[in-house]
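Scroll down for the structure; my scribbles are underneath it.
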Amino acid sequence: MTVNDAHPVPPALLSPAGIDQLRDALTTAGFTAAGIAERLGPQAAAAAGRNDLRAALRLTGDRDPLSTLIRLFVCGQTEPEAAVEAALAPLPLAQARAAGLVERWGDGLRQAVDLEPYGSDWWVLSDVPATARPGQPLPADHVLGIGGASTTLAGATVRRPVGTALDLGTGCGVQALHLAGHAGSVTATDLSVRALRFAATTAALNGQEWELLQGDLVSPVAGRRFDLVVSNPPFVVGPGTATHIYRDSGRAGDGVCAELAAAAPGLLAEGGTMQYLANWVHVGGEDWTERVAGWFAGTGLDAWVVQREVADPMAYVSLWLADASEDADPHRAAAWLDWFDAHKVEAVGFGLITLRRSGRTDPVVRVEDLRQQVEQPLGEQVAAWFGRQDWLRDRDAEQLLSTRYRAADGLVLHQEATMGDEGWAVDRQVLTMRDGLRWSEEVDPLVLALVGGCDGSVPLREQLALLALAHEVTEDDLAEAALPIVAHLVERGVVAPTGATAGPAGGVTASARG
């Protein structure tokens, strides 16, 4: 495990020999995602994932090593010492207890860390989740395990081979695990020394080598650049009170997310990408999209911000207090809500920010809602979106008019109509994509006819000539009005140029020609 001399990182929870022994125990027992699913069956495994452990407990009563490990680390049960010792062999039980993997509880042993099989053949170590210790507030240095935010970011990351990758605020190391699969080298940072110990253990247990650095946000990597940066930062919005490292940055409001945007130009190598989860406030009297877009002014980076969820202040505060088992403290909730009121915060948005150093002088910045269900993995959709941006920027108006376009497969037209004296009158028409980002676009009859004619047989110029004749307008006037619309439809993947080299999930390469 590589460490930084200026910021020494504590070692893993176990010695290298102990790590090997633990891996041997887990592998021999079959304590993997596939092994657990096979032992429990699909229904019981799915129920256990929802914290309904009844079937899992019924199916693991024979106390063989796999059953014991499932009961211990999946079901959170207290198990007989002899059974735990047998399940962890060849790792000596004394070493497991000294490392804090298990602890004495009542007349047996229980988990002292969360040891979770992940992916096809990985394991992740973190602190025991709040659900396993109901009513017990989380300590300030609690290290989260695998959760909704970490899996969201993992699925949204653009997976292409890169030389250098950075996991900023690694926690227990979930993102770094994924990065190691397509990066030549992985650097992972965190403010929490405890988190870095878990990350070091996760890396070693999975046979990976990361550079681990301790410090706040970008300070441990000042002056360095990376091809890919990912971060699940402590983005929770509030008055700046830092009670839990995993959640609170110590910055007021959404300042930490704006700070990361400002730091991105100094972190990214040419062609590099940065992706991070973020919260942002919706302030009364302000357009939230303009406010967030302002974070990227002057950075020279392409930016795509998608808002996936929105919560009102009460729901937001309740969520995060419950997350840390602080929900029994009415004074804490009141102070948080009072801060929202004082700063005219009407809601809090959650989403994904993707930034790219493209080297162009005309960076694209889009901030928009994307709350519909999208085709997974989202990372492929993100890569395709940037591919379409490049294709559009490589073409002038004449080239766009000379291109043949084809409508996306599976487009669905929804119409709303009102019955009148002369029959049905169409009030509204919406095109919806069944695949990809599944956008819905309200269109007028002219745009509907344009999309309907995109079968790849003729250039856009010829399509517009026919439409101009039918609507009694000049071709030049129609082209001037239609080109921004066509560019928007290409950006969203509703129509795509034919004869282009297909990119991931409907993207096109910059070298494609219509």
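Keep in mind that the numbers below use all heavy atoms, side chains included, and drop hydrogens, waters and symmetry copies.
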| query | Is the backbone N or O of D362 less than 3.5 Å from a side-chain atom of R393, with the two atoms forming a donor-acceptor pair by type? | reply | yes
| message | I need the T201 OG1 to L13 CG distance, nearest 0.5 Å. | response | 3.5 Å
| Among all residues two or more places apart in sequence or in another chain, which pass the ring pair (Phe, Tyr, Trp, His ring centres under 6.0 Å) test with W123? | none
| task | Taking the side chain as every heavy atom from C-beta outward, state whether T289 and Q307 have any atom pair closer than 4.5 Å. | result | no
| query | Between E326 and A324, is there a donor-acceptor pair closer than 3.5 Å when you use the side chain of the first and the backbone of the second? | reply | no
Only distances under 3.5 Å count here; give the side-chain donor-acceptor pairs of residues 135-150 to other protein atoms, sequence neighbours excluded, each with its distance to 0.1 Å.
from	atom 1	to	atom 2	distance (Å)
S150	OG	G147	N	2.9
S150	OG	G147	O	3.0

| message | With a 6.0 Å cut-off (strictly less than), is the heavy-atom count around CD of Q376, excluding the residue itself, greater than 12? | response | yes
| query | Counting distance only, does the side-chain N/O of R225 pair as donor-acceptor with the main-chain N or O of P265 below 3.5 Å? | reply | yes
| query | Can you tell me how far the OG atom of S318 sits from the CG atom of D327, to the nearest 0.5 Å? | reply | 8.0 Å
| query | Can you check whether R71 reaches L69 side chain to side chain, under 4.5 Å on heavy atoms? | reply | no
| query | Quick one: are V348 and F340 in side-chain contact, heavy atoms under 4.5 Å? | reply | yes
| field | Smallest separation among heavy atoms of V256 and S249, with atom names | value | CB-OG, 3.5 Å
| task | Verify, without hydrogens or angle tests, whether Y276 (side chain) and L168 (backbone) share a donor-acceptor contact under 3.5 angstrom. | result | no
| Side chains of D323 and Y246, donor plus acceptor under 3.5 Å | yes
| Yes or no on salt bridge (Lys or Arg N to Asp or Glu O under 4.0 Å) for D390 and R360, after CA distance, side-chain angles and deciding distance? | CA-CA 10 Å; D390 289 342; R360 297 175 181 264; 3.8 Å; yes
| request: Would you indicate whether the side-chain heavy atoms of T241 and W336 approach each other to under 4.5 Å? | output: no
| If you measure from the Lys or Arg side-chain nitrogens to the Asp or Glu carboxylate oxygens, is any gap between R371 and D369 under 4.0 Å? | yes
| said: Hydrogens and angles aside, do D190 and T170 bring a side-chain donor and acceptor to less than 3.5 Å of each other? | reply: no
| task | Check whether any side-chain N or O of R492 sits under 3.5 Å from a backbone N or O of W439 as a donor-acceptor pair, and report yes or no. | result | no
| request: For R54, look at atom CZ and say whether over 12 heavy atoms of other residues, nucleotides or ligands are found less than 6.0 Å away. | output: no
| task | Please determine, by modelled atom types, if D302 and S358 share a side-chain donor-acceptor pair under 3.5 angstrom. | result | yes
| Are the side chains of D248 and P234 in touch, meaning some heavy atoms are under 4.5 Å apart? | no
| note | Here the salt bridge (Lys or Arg N to Asp or Glu O under 4.0 Å) pairs for residues 159-177, sequence neighbours left out, are none
| query | Do S185 and T164 have side-chain atoms, one donor and one acceptor, less than 3.5 Å apart? | reply | no
| query | What distance separates W210 CH2 from L179 CG, expressed to the nearest 0.5 Å? | reply | 9.0 Å
| Can you tell me how far CZ of F296 sits from CD1 of I353, rounded to the nearest 0.5 angstrom? | 4.0 Å
| task | May I ask you to decide if the ring planes of H178 and Y118 are parallel, tilted or perpendicular, using 30° and 60° as cut-offs? | result | perpendicular
| message | Whether the side chain of R388 engages the backbone of E491 through a donor-acceptor N/O pair (distance < 3.5 Å, no angle test) should be reported. | response | yes
| message | More than 12 heavy atoms of other residues, nucleotides or ligands under 6.0 Å from CD of Q43: yes or no? | response | no
| What orientation do W288 and W280 show, parallel under 30°, tilted 30 to 60°, or perpendicular over 60°? | parallel
| N206 side chain to Q208 main-chain N or O, any donor-acceptor pair under 3.5 Å? | no
| Which atom pair, heavy atoms only, marks the closest approach of G171 to A199? | O-CB, 3.6 Å
| task | Step by step, work out the side-chain contact (heavy atoms from CB on, under 4.5 Å) result for L228 and T157. | result | CA-CA 9 Å; L228 177 61; T157 300; 4.1 Å; yes
| Are more than 12 heavy atoms from other residues, nucleotides or ligands located less than 6.0 Å from atom CD of E103? | yes
| message | For D287, is there any backbone N or O sitting under 3.5 Å from a side-chain donor or acceptor partner on R291? | response | no
| Counting distance only, does the side-chain N/O of E441 pair as donor-acceptor with the main-chain N or O of L489 below 3.5 Å? | no
| Are side-chain heavy atoms of R110 and V128 found at a separation under 4.5 Å? | no
| said: Strictly distance-based, threshold 3.5 Å: is any side-chain N or O of R23 a donor or acceptor partner for the main-chain N or O of A204? | reply: yes
| remark: Closest non-hydrogen contact found for A112 with G100 is CB-O, 3.1 Å
| remark: Scanning both residues in full, the closest heavy-atom pair of W385 with A303 reads CH2-O, 4.4 Å
| request: Start with the C-alpha gap between D216 and R251, add the side-chain angles, then the distance that decides, and say whether salt bridge (Lys or Arg N to Asp or Glu O under 4.0 Å) holds. | output: CA-CA 12 Å; D216 187 32; R251 282 81 166 169; 2.9 Å; yes
| message | Is the shortest side-chain heavy-atom distance between L267 and M274 below 4.5 Å? | response | yes
| task | Would you indicate whether the side-chain heavy atoms of H244 and V236 approach each other to under 4.5 Å? | result | no
| field | Qualifying residue for side-chain contact (heavy atoms from CB on, under 4.5 Å) with W122, from L205, T202, L177 | value | L177
